[in-house]
Amino acid sequence: MIMTNRLFYVIAMAAWMFFGYSFEAKAQCGDELTDVCHAKLGDSRFIRSFPVQHTERRGASPRVYKFEVILNRGTTYRIFSCNDKTKPGEVIVSLYQGDQLIATTYDVETERFFPYIEYPVGMSGRYELHFMFKDNMEGCAVGMLSIVN
Amino acid sequence: MKTPVMTKKTVTVSLMLSGFILLFFMACAPDRREEATDLLSDRDISEDIQLTDETIGEIITSVPNPVEMTVLLQRSNVVYTQDLLNPTANINNYNTNFKRSLNLGVYGTDLVYMNIYDRTVATLSYLRNVKNLAEDLRIGQFFDYETLNRLSESSRNVDSVLYITNRGFDGMSNYLINQGRSSIAVLIATGTWIESLYIATNVQIHPPNKELIHQRIGEQKVVLDNLLLLMSNFRNDEQFEELFNDLLDLKKEFDKVSIQYIYEERTTKVVDDKVVVVDNSRSEVNIDDEIVEGIAQQVEYIRNKIVE
Amino acid sequence: MSEEILKALMQLFAIIAKQDVGLSTNEREFVENFLRQQLNESSVKEYLALFDEYVGDKKASENDNDQDQKPKLTSVKDSVKTLGIAKKINKTLTQKQKVVVLVRLFELVNSDKKFTPQRMAIIDTAAEVFNISKEEYNAIETFVVQEDASKWDIPEILIINSEETSPEKAKHISSPQLDGTILVLRIQSVELYFLRYTSTKELLLNGLPINNLKIYLFARGSVIKQPKGKPIFHTDIVSKFLSDDTSINVHFKVEKVHYRFPNGHIGLREVNIEEQSGKMLAIMGASGSGKTTLLNVMSGMSKPTTGSVNINGNDLHEKNELIKGIIGYIPQDDLLIEELTVYENLYYSTKLVYRDLTDEDIEGKVNRVLFNLGLSHIKHLKVGDPLNKEISGGQRKRLNIGLELIREPAVLFVDEPTSGLSSRDSENVMELLRELTVRGKLIFVVIHQPSSEIFKMFDNVTILDDGGYQIYYGNPVEAVIYFKELDNQINSHIGECPSCGNVNPETIFSIIESRIVDEYGQPTSGRKVTPAEWYEHFKNKISINKITGMFDKLPESFKKPNWLNQYKIFFTRDFVAKISNKQYLVLNLLEAPLLGFLLAFVIRYIEDPTSDVYIFRNNDNIMPYIFMCTIVALFLGLIVSAEEIFKDRKILKRESFLDLSRSSYLCSKIGILFILSAIQAFLFIIVGNYILGIKGMYFEYWLVFFSLAAFANVLGLNISSAFNSAITIYILIPFLIIPQMVLTGAMFSFDKINRAIGGGQEKVPIIAEIMPSRWAFEGLVVNQYKNNKYYEDFYSKRKLESALYYKDVYYINELKRYVEDYKFRLASGHEEPISADDLELLRNEISKEHESEFTQYHDYRFDYFDKLTPENFNSEIADSLTNYLNRVHEFYRDRFNFVNETIDQEIVSRTRTPEMEEEYQQLRNNYHNRYLASFAKNEMAPLPVVRLGNKLVQKSDPIYLDPQNQRLMNFRSHFLAPRKHFAGNLFDTFYFNLAILWIFTLLLYLALYYKLFSKFIFVAENGLPFLRTKLKSTKNKIQDFLIKQTGI
C-alpha cells in the first residue's frame, strides 16, 4: 500500500514538474503563485520576482506595469512569468531599454506565447520590464528574473 | 470537633470575603492608560510628494540583489571573509525604524553572502536577526514561522534557500510600498546595496579577476543615482537627510567613473521555447584602483555609520 | 536497701542507742527485728555485729564514767557524725525511704520509751536534714509515741474504732466489731501510710497477724481483716484522706450497646456496663475483640448502632455538649507537642480550657498538676520524640494523663497506659490512676497483659472476646476463679497465692483462647470454646450489680475562651513549638533562598560568548524562570503544610472533647503557615530576581509567589486532614503539582494541546482555568511585559499599533478572501458559491466591525448588511462588500502607518545623542526581555487568525488584545490577556488573577473547614454500601417529612 502511494506521489511530482504551468490551476495570486513559478526556474538562479495584479478598466488603454532593473554585462538573464489560472488574464512580458523594445514573450502575429526570454547582456545599464495583460483581461501574474549559469 | 452544619452566617461571610477580595484588587489596580486612541483621530496628511508610491515601486527593483555581486565574487575565487560581515550582536543597538530598516538590508546581504559560500550553519543567527528586525518593523509575516521552517528544511539546497530569502525580501519591499511605508523599503534597499558594495570593496581580489569586479563596482554608479532619487522623497527627515548627504559624497567618488555606451543592433531569435536576444551592444567602464579606493573609503564610512 | 545505707542506718541507730544511758536490750531487739525484715539470716548477723561494733565503744566508756555522766548534752562529735550520716542518706534515699527511716528512728526510741533530749535532738537533726516538715515530724512523733487517745486528733491520722462519732480533726472509720483502735498515719508529701494497732486482739494485715508493738507500712492493695466484721481495704482508708470536693458523683451506664461498622462488620454485641465514681474498670481482650471500639463508644466518639450510653441518666450521644466537660480521653499514643517543654505542653492546654483565669492562676494550676504527677523536676525539659528521649516513657505517659487532668474530668478513658513502659514506670502510672480513682474519678482503662500487681488494682474488669462479645464482668480476682471453674481445672478455688500475692491474668486468656489439639498434640486453629459460647455462659452466670440512688445533675461545661483568644493560644503554641525546633526553622528558611539561588544562578545566561556582561534582555530563560517560580511556590507551600494537621491528629482528637472552635484552630495554622510562606517568598524572590536582573518588580513577584504558596498551604492542610498516613500525603504531592506544571501554559501552548480537553480554542481551556499555577504565571508574565519601566510609556501605543496591524495585515484580508472565493466559485459555476456558514461568519464579523471602537474615527458602514444571507447574496453585494472592505482596509493601513511612525519618532527623539541612546539602550536592556516578549506576543503561533465555528479569532499578539465577545458574568478570556472582563468592567490582569487565586484559597479553606476531602475519601472507600445506606436514610427522611406535611 505504502509503496503504491509513494509511486503515485513521485509520478505526480514528476508530471507537475514537466508540465509546469498547466498545473498552476489552483494557485492563488501572490506568494503561492511565486512559489509555483519557482518551479520554472530550471537551472537558473533566482534574482527577483515581480508580482502584478490587474483589474479591468473600461475604456482606457490597458495599463502597463513597469519595473526598472539593472542588468550587467557578461551575465545571461532569463525572464519568464506565470499566470493565476483562476483569472482570465494572461500576462505579456516585454524587455525595454528606454524606448527600445528588446524582446517580448508574446508574438502578436502568430498569437503565440513564449515562456522565456533569455538575454546575454552586452551593455550594462538600466532596463525596464513591462507587464501587460492580453486583451486587458483581469488577471494576476508574477514575473521572474533569474541568471543563467 | 463536630463540624457544624453550613450555617447561613458562614455562607454569607464567605461570599462577602470573596467580594471584598475582588474589590480590593480592583481598587488597587493602578490606573493606567490602556488606550492611545488619541492617535486615531483624523489628522492632516500633508506630505511633500515628489515620487508617488507607484513610481518608487517601479524604481526600487533596480537596486540589485546581492546575489549577482556575490556570485561574481565567488566565481572569481574570492575567499570567504566572515569578519567583514556585520556582527549579529549589533542588533541590540538598533532601536529606531531607520536603523532597523537599513540593517535589515545589511543582514540580508550578509545572509545571501553566507549562503552562496555555503556557510549554512552560521546563517542561523543571521536569519534570526532578519526575522527579528522584520518583526520590529511590523513586516514579520514575510519571515514567519512557516517560512523559517521551509528554510531549515531546505538548508542543504542553496538555491532553495536563496529563493526563499529573496522572495521574502521582495515581498517585504512590495508590501511596504503598497502599504504606504515606502521609506522603509528604500532604506532596506539602501542597506542591502551598501553592504554588498562594502564586501566587494573589501575582499582580497587577485589580478585576473580584479578587473571584472572593479568594472562591476563602477557600474553601480547608475544604482546610486536611482537611490538618490528614491531618497529624495524623504529628505524632510533629518536622519534621511544625513544619509542622503553621505550618499551624495559617495556620488562624487562615482562621478570619477566614466562609462561608455556603444549601441549596436539587437535581434532576437527563437530557440526551442525561448526568445533569445542577440546583443551586439556594449558598455565600457573606466575605473582604476584609485577610484575604487575612493569609493571603498566612502562606502566604508557610510556602512560603519549604519551598522554601529 | 543497699549496703551503704544499711551501714549508715546502723551507725545512726547506734548513735541514738548509745546516748545517755546506752543501749538497752529492747533497742537491740528492735534493731535485730528491723534487720530481719529486710535481710537473710547471715546478713542479719553481719549487720547486727556492725551495730554492736558502733555501739561498743560507748558501752566501754560508759561503764567507766557512769556516775559522772548524767544528763549530758549530745557530744559535738556525735552530732557531727549524725549530720554526716544523715546527709549521706539524703543523697541516696528517696524521700519515701527517708520518711520510713525517720519513723524507724522513732520506733527505736519508742521501744524503750526513753525519750531523752539527746536522742530527740539526734532525731530532730536527722529530720531536718531529710527535709521533713515540722508538721509531719510532729505527726510522726504523735503517731509513734503517743498513747493518749485524745492526742491522736490531728488531720494526718485516721482512727478506726467501734465508735460512731468522728473526731474533730482526725479522719475516722467506724468498724463496729473492732476491738481497740487502729491508727493510720498519712504522710502526704510522699503518700505513705503507716499503721498501728493498739489492742492485742487478732487482726490480720494482708493475711499476717499484727503486733501491737510494731508499726507497719500500709501499702497499696493491703487489706485488714478482722475475725468478725468487714475487711478494711487500703482504698477505704485512703479515700477518707483524699476527698475531692469538686468532682461530682457520676453514674455511668452502658446499656445493651451494639455497634456495627460502616462496612457491615459487628464491633460490639450487647455490651452492658454499670459503674460509678471512685471506681476503676479494666477493659481487656485479645486484639480485634473490640476494646478500642468499646472505648470509643463509651467516650462518645462513636455512636452505637443500638443501645445507649448514659451518664446520670443523660444519653451521651445526644447531649454531647453537657457531657463534654466531664469526659476525658487519653489515647495510647502520645499527644505531646515534642518541641515544647513539659511545662509548656501543660500550659497551653490549660489556657485552652480556662478562659477566665489570669496567667498567674494558670501557672499555679499547671504547677499543681505537675507536682501531683511527680513531674515538677523535669518541667523545663523538652518532651522530645520517642526516639530522642529527653524524658522517660513513664514520664511521658504521666504528662499525657496530666493534660487530661487539667480539665478535671469526672470520667476518664485511658487506652493502654502501660504499653511500652518498664514495669516500674507501669506501676507508677497505674498508681497515679488509682489515686485519681480514690479522689473520686471514674476511670475506664483498656489494658493488655497487665502484671498481677496492676491487675489487682482494678475494682472491676470486663473482658471482650473476638467479635465484640462480652464474656466477663466483675472482680478481677474472681475472674480467674470464674474461668477456672468453667474450665474445670484443679485448684479452682485458689485464686490468690497468699505467700506470693500473684493473680495471673494470663491464665484467664489462655483459658479463653485455648485451642483444640489435634491427634499429634499440636494446637489447631479451632477454639475449644467460641466467643459466642463464652458469651452465653456469661449471660447465664453473671448478673451485673445495679447501682441505685439519686445522682447529681451534670454541671455546665467549663467556659472556654472566645474565638480570638483560642486563636491566639493555638497560634502561640504552634509558633513556640516551631521556633524551638531549630532544624525545622533552618531547613524551611534556608530552602527558599537556596532554591532561588540555584535556579537563578544556573539559568543566568549571557548570550554573547565573548562577553561577561549580563544583559537581562537577552536571557531567554526569564520566562522559564517565571514558570519555575510558580512551581517552586506550590511545592514549598505544599511541603510546609502537608504534614501539619496530620501531625496534630491525635491532639485534635483529644481536644475534640474541649469543644473548641475548629475554625480558630485552622486559622491559627493558616496564620503560621502564611507567615512562613511570606518569608520564604521574600527570600526566594530577593535572591532569584536579583541574580537574574529582574528589576523593580520585587513586590509583584513576591505577591504572586506568596499567594500561590498560601494556596498550596491551604491545599496541603486539606490533604493533611484527609489522609491517615504520612506516606499517602507525600505520594499525593506530585499528583497535585504535575498537572499544574503541564497546564500553566508555559511548557505546552494551549493552542497545541489535545482538542478534546480544550486546546486550540479561543479561551483558556477549562481544565487550565482551575489551575492556580496558570493564573499566577499569566499574571506575572503580563505584568512583566506590560508594566516594566521601559514599556510603561510604550505599551498603550503598541497595543493600538497591534490592533491596527492585525486588522490591516490579517483580518481584513481574511474577510476579503471569502469574497474572492465566492467570486471564483461563481465564475467556475459552482452550485453553492458561498455557504450559509461563511455568510454567517461574514455577518458576525461585519457586525463586530460596525460595533468596534474604531468606527468612531471613520464612518464606513456596509449598507447591505442584511443582504448577507444565502437568498440575497449575489455578485453585486459581493462587489459592494469588497469596496467596503477596501475602504476599511485603507483606514487601518493609514492609521497603522501613523501610529507606527509616531512611536518611531518618539524613539528617535529619545536617542538623539549618543548619551541619550546609551541611556535608552540601558533601559531597554534592563527591563525588556526579548524571549518573554516573543512569548507574550505568541510569535510561535501557527496562525495569526483562525476560524472557530462561524467567527474569526485573533491568535497573534494576545498580550495586546482585550477580551472579546463577553457575556456579563463571563470572566474567561484568552491566555495572556492584558485585562480581564467581569460584570461589564475591565480589570488589570495581574490583580484580577491574584483575586482569583485568593478566591481559590478561600474555597479551599471552606473545604477544609467542612472536611470535604475526608468525606470524599470516605465515600470513595466505603463506596456503594455507604451510599446505599445514606440514600435509604435520606429516602426515609423525605418520606417522614412528606407524611408529616400531607398527613398521608
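To find a chain, count down the sequence lines: A is the first, B the second, and so on, and within it residues start at 1. Worth knowing before you read on, the calculation uses all heavy atoms, side chains too, and leaves out hydrogens, waters and symmetry mates.
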A.B. asks: Given a strict heavy-atom distance threshold of 4.5 Å, which part of Asn174(B) is in contact with chain A: side chain, backbone, both, or neither?
C.D. replies: side chain
A.B. asks: At a 4.5 Å cut-off on heavy atoms, which part of Phe113(A) comes close to chain B: side chain, backbone, both, or neither?
C.D. replies: neither
A.B. asks: Less than 4.5 Å apart, side chain to side chain, heavy atoms only: is that true for Val93(A) and Phe114(A)?
C.D. replies: no
A.B. asks: Within the 4.5 Å heavy-atom criterion, are Asn166(B) and Arg48(A) side-chain neighbours or not?
C.D. replies: no
A.B. asks: Which region of Glu128(A), side chain (C-beta onward) or backbone (N, CA, C, O), has a non-hydrogen atom less than 4.5 Å from a non-hydrogen atom of chain B, or is it both or neither?
C.D. replies: neither
A.B. asks: Can you check whether Ser76(B)'s main-chain N or O pairs, donor with acceptor, with Asn209(B)'s side chain at less than 3.5 Å?
C.D. replies: yes
A.B. asks: Is the shortest heavy-atom distance from the side chain of Thr52(B) to the side chain of Ile56(B) under 4.5 Å?
C.D. replies: no
A.B. asks: So, Arg73(A) side chain and Gly122(A) main chain: donor-acceptor pair closer than 3.5 Å or not?
C.D. replies: yes
A.B. asks: Pick one of side chain, backbone, both or neither for Gln215(B), based on which atoms fall under 4.5 Å of a heavy atom in chain A.
C.D. replies: neither
A.B. asks: For residues Tyr77(A) and Tyr116(A), establish whether the separation of their ring centroids is below 6.0 Å.
C.D. replies: no
A.B. asks: Identify the residues of residues 180-195 of chain B whose heavy atoms come closer than 4.5 Å to a heavy atom of chain A, ordered by number, or report 'none'.
C.D. replies: none
A.B. asks: If you count heavy-atom pairs under 4.5 Å with chain B, which of Ser49(A), Ser124(A), Pro120(A), Ser146(A) comes out on top?
C.D. replies: Ser124(A)
A.B. asks: Are any of the side-chain nitrogens in Arg150(B) or Glu146(B) under 4.0 Å away from the carboxylate oxygens of its partner?
C.D. replies: no
A.B. asks: So do Thr104(A) and Ile92(A) actually touch side chain to side chain, heavy atoms under 4.5 Å?
C.D. replies: yes
A.B. asks: Does Glu153(B) CD have over 12 foreign heavy atoms under 6.0 Å away?
C.D. replies: yes
A.B. asks: Let's test your reading of the structure: which of Arg112(A), Glu118(A), Arg78(A) forms the most heavy-atom pairs below 4.5 Å with chain B?
C.D. replies: Glu118(A)
A.B. asks: Which of these, Phe67(A), Tyr65(A), Tyr96(A), sits in a ring-ring contact (aromatic ring centres under 6.0 Å, His included) with Phe131(A)?
C.D. replies: Phe67(A)
A.B. asks: Give me the one residue out of Ile102(A), Leu145(A), Thr75(A), Val148(A) that meets side-chain contact (heavy atoms from CB on, under 4.5 Å) with Tyr119(A).
C.D. replies: Ile102(A)
A.B. asks: Quick test of your reading of the model: are Asp35(A) and Arg167(B) salt-bridged, counting only N-O distances below 4.0 Å?
C.D. replies: yes
A.B. asks: May I ask you to name which of Val69(A), Val121(A), Ile47(A) has the most heavy-atom pairs under 4.5 Å with chain B?
C.D. replies: Ile47(A)
A.B. asks: Does any backbone or side-chain atom of Val63(B) lie under 4.5 Å from a heavy atom of chain A? Answer side chain, backbone, both or neither.
C.D. replies: backbone
A.B. asks: So that I can tick it off, tell me whether Glu284(B) and Arg282(B) are bridged by a salt bridge, with the cut-off set at under 4.0 angstrom between side-chain N and carboxylate O.
C.D. replies: yes
A.B. asks: What residues of residues 256-279 of chain B make heavy-atom contacts with chain A at a cutoff under 4.5 angstrom?
C.D. replies: Tyr261(B), Ile262(B), Tyr263(B), Arg266(B), Thr268(B), Val270(B), Asp272(B), Asp273(B), Lys274(B), Val275(B), Val276(B), Val277(B), Asp279(B)
A.B. asks: Which bit of Phe80(A) is near chain B, if near means a heavy-atom gap under 4.5 Å: side chain, backbone, both or neither?
C.D. replies: neither
A.B. asks: Taking atom types as modelled and ignoring hydrogens, do the side chains of Asp170(B) and Ser173(B) form a donor-acceptor contact shorter than 3.5 angstrom?
C.D. replies: no
